[in-house]
Amino acid sequence: MAHEFPPLKNDLLLRAARGEKTERAPVWVMRQAGRYLPEFREVRKSHEFFEVCRTPALATEVTLQPIRRYSGLLDASIIFSDILVIPQAMGMEVLMNPGPSFPEPLDTPADISKLNKVVDVEKELGYVFKAITQTRIALAGEVPLIGFCGAPWTLFAYMIEGGGSKFFQKSKTWIFKYPEESKALLMRIADVCVDFLVGQAKAGAQLLQVFDSWAGELSPHDFDIFSLPTLVHISTNVRKRLAAENLPSPPMTLFAKGANYALASLADSAGYDTLGLDWQIDPAEARRLVKGKVALQGNMDPNVLYGGRDAIEGAVKRICAGFAVDGGPQAWIANLGHGITPGVDPEDLRWFFECVHKYSARS
Ligand SMILES: Cc1c2[nH]c(c1CCC(=O)O)Cc1[nH]c(c(CCC(=O)O)c1C)Cc1[nH]c(c(CCC(=O)O)c1C)Cc1[nH]c(c(C)c1CCC(=O)O)C2
């Protein structure tokens with residue numbers, strides 16, 4: 001399955017992810033297709049969240065909304081979907097009302113038998129591959145398209161907690177009481193992640209991002225046991241599988257939120273080209289920890305977007321200076337430290353993009 005796609009006109013994102021110097025920093029934001037956009041809310045009025053995910057024409061439409069609105073300012077698109085499509089593919093029911101909820105979460109390891117024995121990713125998640133191919137065509141080479149999945153630890157926690165959680169008591173009970181069963185389930189999820197990312201790359205995704213949103217809930221010791229091996233499994237096997245078919249591997253990004261304690265070791269050995277950063281670390285300190293081994297992405301506190309133009313400009317200026325290498329942008333993708341939230345004024349986000357263009361430019 002080889003697709004012919006329109007040639008890419010803006011490769012800033014891919015060059016920065018490979019560690020190259022760029023004339024200015026590429027910029028996009030997590031959850032850029034989302035509820036802060038009136039045109040997104042309009043689509044959601046008549047379509048359920050997962051209906052949008054499962055209908056390639058709708059997924060393409062909402063993926064393109066921010067690209068159209070911020071034409072010339074945004075340097076990447078990210079396919080509209082959710083990390084929780086993997087638990088669905090494994091046989092679990094997931095609702096979005098308005099946050100995610102699982103009517104039948106995994107209670108004890110005996111419940112693992114309720115999951116699908118084999119997951120046919122093409123059959124279960126082929127709609128994501130279709131959406132990616134259609135979006136790639138519709139983008140007409142304007143900007144690259146990012147594919148993504150959730151990291152095993154984060155998905156495992158959702159599948160056990162049954163939704164968001166404050167204390168992660170149930171998922172922590174699993175890892176401490178049933179460590180072997182937990183590791184086996186985490187690896188099963190990791191195998192689905194591999195199939196899913198390989199399929200997304202084949203369908204046309206030009207960069208792949210893994211979201212470990214709850215990495216920060218683990219101690220450094222437990223992260224090394226319950227998350228890191230699965231992340232390495234994913235980066236290694238995605239590249240291996242694509243290479244076996246003579247296909248190039250897209251650059252890979254890992255966003256392990258809250259896991260700044262692991263930055264140095266992730267840069268050393270996790271196998272990702274770029275590490276995403278939340279806002280809890282100073283850019284210069286992150287640069288120091290990763291020793292030039294990987295590119296970085298981030299990391300403005302998303303709530304700065306509520307602080308008005310001066311606050312946004314000040315934060316962007318500081319961040320651009322903090323990530324600069326030899327006085328200019330290199331190996332840095334400007335982004336927020338987490339997803340944009342629904343109350344942000346889209347014009348304030350435009351200002352954020354304009355400030356990144358201005359203050360990251362090589363003089
Ligand atoms: C943990 C997680 C989820 N989903 C995702 C993560 C990892 C990133 C992170 O840490 O935030 C990833 C995600 N979710 C969504 C995308 C689409 C692409 C994009 O970034 O624009 C991506 C990359 C759409 C979405 N996923 C969701 C929305 C909002 C729901 C809606 O339209 O009603 C969107 C646009 C819903 C969702 N999905 C999830 C939650 C916790 C929620 C509810 C939170 C909220 O209300 O914002 C699970």
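Counting starts at 1 for both ligands and their atoms, following the listed order.
Glu104 has its side chain within reach of Lys114: a pair of non-hydrogen atoms, C-beta onward, lies under 4.5 Å apart.
Scanning for side chain to side chain contact (heavy atoms under 4.5 Å, CB included) contacts around Gln88 gives Phe50, Arg54, Val85, Val94, Tyr127, with sequence neighbours left out. Scanning for side chain to side chain contact (heavy atoms under 4.5 Å, CB included) contacts around Asp195 gives Val121, Arg241, with sequence neighbours left out. With sequence neighbours left out, Ala138 forms a side chain to side chain contact (heavy atoms under 4.5 Å, CB included) with Thr60, Leu64.
For ligand 1, residues of the protein lying within 4.0 angstrom by heavy-atom distance are Met30, Arg31, Gln32, Ala33, Gly34, Arg35, Phe40, Arg44, Phe49, Ile78, Ile79, Phe80, Ser81, Asp82, Ile83, Met96, Pro100, Phe148, Tyr158, Phe211, Ser213, His338.
By the neighbour-count criterion of 12 heavy atoms within 6.0 Å, atom NZ of Lys240 is sparsely surrounded, having that number or fewer from other residues, nucleotides or ligands.
Tyr70 and Gln32 share no side-chain donor-acceptor pair at under 3.5 Å.
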